[in-house]
Amino acid sequence: EGGRCFFEGHVPAAALSDKARIMVVKGKVEDVSLPEAVDVIVSEPLGFFLVHERMLEALVTARDRFLKPGGLIFPGSAALRVVPITDSVLWNE
């Protein structure tokens, strides 16, 4: 099952101008179609290490299918931090 890489919800009127256009698209990135390539993709990168729920894969698919050359993706980066631990009770289970 694919992820969603498009904004869902209310777009504030203050975000709109004569030169700006915001298109709200709801659906799986693999199933939706757009009338033209986009300048910006805004994603909500949730999941364990950005791979759970295929969010990273869905974002790459959206980039490849819909983003104009030179377009932007927000957020533009992510930081993963891991710390080694030991838990003898968990290990023995």
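Values in this document were obtained by computation on a predicted structure and should not be read as measured data.
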Kindly give the heavy-atom pair with the smallest separation between V32 and F66, and that separation in Å. O-CZ, 3.7 Å

Listing request: all salt bridge (Lys or Arg N to Asp or Glu O under 4.0 Å) pairs with a residue in residues 62-85, at least two apart in sequence or in separate chains. D39-K68

Taking side chain to side chain contact (heavy atoms under 4.5 Å, CB included) as the test, write out the residues that go with V89, two or more places apart. D87, E93

Within this structure, what is the CG-CD1 distance for the pair L67 and I73, rounded to the nearest 0.5 Å? 5.5 Å

Residue pair W91 / T86, side-chain heavy-atom distance below 4.5 Å: no

